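What follows is one structure encoded as structure tokens, with my remarks underneath.
These numbers come from the heavy atoms of this one structure, side chains and all, not from hydrogens, waters or symmetry mates. Fair warning: this is a prediction, and the values are worked out from it, not measured in the lab.
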Amino acid sequence: MFHGKDATLVKGITLNVTDLEKMTVFYDNIIGLTIRTKNETVFEIGDSGHTITLKLLEDGRKPSIREAGLFHIAILLPTTADLADFLIHASRLNVQLGAGDHIVSEALYLNDPDGNGIEIYRDRDARNWEWNDGNVAMDTHEVNAEALVEQASNEGWNGMPADAKIGHLHLKTNDIEASKEFYLNTLGLKAVVDNFPNALFMSTKNYHHHIAINTWQSNQKREESDNSYGLANIVVQMPNAESKILTSPDGLRFEINPEIQ
């Protein structure tokens with residue numbers, strides 16, 4: 001409903017990485033993704049066609065935490081049991097996790113070896129989301145971990161479920177007002193949470209967000225993305241738009257409807 005072919009959404013990202021072997025092991029063993037092509041180190045997220053691509057960058061530049069870039073890539077799981085299974089799986093591997101109950105969703109947070117943020121989450125029933133003047137109610141509350149674990153399946157975590165996908169992308173920007181026109185007018189997104197401090201949540205199809213931006217850590221534009229570690233490229237599905245490459249006002253590279261190679 002929210003992630004079909006008629007929605008504007010993120011289909012993939014590319015990360016410039018410091019250690020390809022270590023990162024590949026992490027996304028394979030911890031996150032449970034499947035390598036599609038080893039030559040390019042492209043990881044498939046379920047059967048969605050969504051991807052995370054790892055690109056080895058030698059002698060690259062480490063961007064300042066104050067620069068625009070990735071806040072987190074968020075992988076949407078189909079069920080509560082899947083989220084519970086992942087929690088147990090990650091805990092058994094001593095992975096450090098954060099957590100947040102956002103009313104519309106329930107989420108776990110972790111970082112990859114290079115420090116890129118990852119969210120693993122499940123949505124609550126959209127029929128129960130609360131809307132007021134075009135804003136969907138979202139917040140951050142404590143996750144009841146014990147109650148979540150009780151929802152675990154008998155089979156446990158066996159890698160990323162087939163119905164998993166990129167649910168949303170959360171970005172750091174240097175200036176929300178300066179970037180808003182790009183995301184709303186150029187990408188055609190709609191603001192669905194514009195009353196949250198120093199953040200803007202946007203979507204199509206009345207989703208709680210396909211892309212969000214914030215200035216919680218950042219106040220500088222992205223510099224030299226191709227030669228910097230971290231987020232290097234964002235692939236966006238945009239219905240009825242021509243294939244093109246865009247650069248956002250905060251210096252991030254967007255590839256719109258790229259032709260399949």
Side-chain angles (χ1 to χ4, degrees), residues 3 9-58 60 62-63 69-79 81-100 105 107-122 155-172 210-211 225-226 228-237 252-253 255 258 260-261:
H3 295 87
L9 50 78
V10 175
K11 292 192 66 175
I13 63 168
T14 298
L15 299 173
N16 287 337
V17 306
T18 59
D19 187 326
L20 187 57
E21 182 177 358
K22 182 185 293 186
M23 292 283 276
T24 298
V25 169
F26 174 86
Y27 281 94
D28 183 2
N29 296 347
I30 305 296
I31 304 301
L33 302 183
T34 301
I35 298 178
R36 184 179 71 189
T37 51
K38 290 190 176 181
N39 291 338
E40 297 178 331
T41 318
V42 178
F43 282 94
E44 291 275 11
I45 301 173
D47 295 334
S48 63
H50 296 182
T51 59
I52 295 176
T53 300
L54 306 181
K55 181 180 178 182
L56 179 63
L57 179 63
E58 298 181 354
K62 184 177 180 180
L70 181 67
F71 191 68
H72 61 240
I73 176 74
I75 298 176
L76 175 61
L77 301 181
T79 70
D82 292 318
L83 187 65
D85 289 344
F86 180 79
L87 172 58
I88 294 169
H89 159 74
S91 298
R92 286 173 175 167
L93 294 175
N94 296 315
V95 175
Q96 185 174 353
L97 295 173
S105 63
L108 302 173
Y109 297 94
L110 66 162
N111 290 330
D112 71 17
D114 274 3
N116 297 298
I118 302 167
E119 175 181 343
I120 308 291
Y121 76 110
R122 65 98 180 180
E155 296 79 11
W157 182 257
N158 291 304
M160 194 60 59
D163 291 339
K165 57 181 68 72
I166 294 176
H168 65 266
L169 184 68
H170 200 145
L171 300 167
K172 301 188 298 180
H210 287 115
I211 296 179
S225 283
D226 289 344
S228 298
Y229 293 113
L231 184 64
N233 188 55
I234 303 163
V235 176
V236 173
Q237 168 188 290
L252 303 180
R253 185 181 189 272
E255 196 172 359
I260 298 175
Q261 300 296 320

Considering residues at least two apart in sequence or located in another chain, which fulfil the side-chain hydrogen bond (donor to acceptor under 3.5 Å, both in side chains) criterion with Thr79? Asp82

Could you tell me which residues satisfy side-chain hydrogen bond (donor to acceptor under 3.5 Å, both in side chains) with Asp114, sequence neighbours excluded, listed by chain and number? Thr18

For Arg122, all residues meeting side-chain hydrogen bond (donor to acceptor under 3.5 Å, both in side chains), sequence neighbours excluded: Thr80, Glu106

How long is the straight-line distance from CD of Glu155 back to CG of Asp85, given to the nearest 0.5 Å? 8.0 Å

Atom pair CG (Leu57) and CG (Asp226), whose distance is rounded to the nearest 0.5 Å: 9.0 Å

Asp19: side-chain contact (heavy atoms from CB on, under 4.5 Å) partners, not counting sequence neighbours: Glu21, Lys22

Drop me the distance from Leu231's CG to Leu171's CG, to the nearest 0.5 angstrom. 6.5 Å

Testing the basics here: between Met160 and Gly46, what is the closest heavy-atom pair and its distance to 0.1 Å? CG-N, 4.0 Å

When every non-hydrogen atom of Ala99 is compared with those of Leu108, the smallest separation belongs to CB-CD2, 4.0 Å

His89: what forms a side-chain contact (heavy atoms from CB on, under 4.5 Å) with it, not counting sequence neighbours? Phe86, Leu93, Trp157

Shortest non-hydrogen contact from Ala90 toward Leu97: CB-CD1, 3.8 Å

If the condition is ring-ring contact (aromatic ring centres under 6.0 Å, His included), which residues does His168 pass it with, not counting sequence neighbours? His72, Tyr121, His209

So Val236 and Leu9, do their side chains get closer than 4.5 Å, heavy atoms only? no

As an exercise, state the distance from CD1 of Ile120 to CG of Leu110, rounded to the nearest 0.5 Å. 6.0 Å

Is a side-chain N or O of Tyr109 found less than 3.5 angstrom from the main chain of Ile118, in a donor-acceptor match? no

Below 3.5 Å, can you tabulate the donor-acceptor pairs from side chains in residues 25-33 to any protein atom, sequence neighbours excluded?
| from | atom 1 | to | atom 2 | distance (Å) |
| --- | --- | --- | --- | --- |
| Tyr27 | OH | Asp112 | OD2 | 2.6 |

side-chain hydrogen bond (donor to acceptor under 3.5 Å, both in side chains) against Ser91, all qualifying residues, sequence neighbours excluded: none

Leu20 versus Thr41: any side-chain heavy-atom pair under 4.5 Å? yes

Here the pair of heavy atoms bringing Ala232 nearest to Arg253 is O-CB, 3.7 Å

For Thr51, which residues count as a side-chain contact (heavy atoms from CB on, under 4.5 Å) partner, sequence neighbours excluded? Arg36, Val42, Glu44, Thr53

State, to 0.1 Å, how close Ser228 and Pro63 come at their nearest heavy-atom pair, and which atoms those are. CB-CD, 4.3 Å

Can you tell me how far CD1 of Ile73 sits from CD1 of Ile13, rounded to the nearest 0.5 angstrom? 4.0 Å

Which residues satisfy the side-chain contact (heavy atoms from CB on, under 4.5 Å) test with Ile88, sequence neighbours excluded? Arg92, Val149, Ala152

Assert yes or no for the condition that the ring centre distance of His3 to His50 is strictly below 6.0 Å. no

When you compare the side chain of Ile211 with that of Ile234, does any pair of heavy atoms fall below 4.5 Å? no

Looking only at heavy atoms, the pair that brings Leu54 and Thr24 closest together is CD1-N, 4.0 Å

Hey, what do you get for CG (Asn16) to CE (Met23), rounding to the nearest 0.5 Å? 10.0 Å

With sequence neighbours excluded, what pairs up with Phe71 under the ring-ring contact (aromatic ring centres under 6.0 Å, His included) test? His170, Trp216

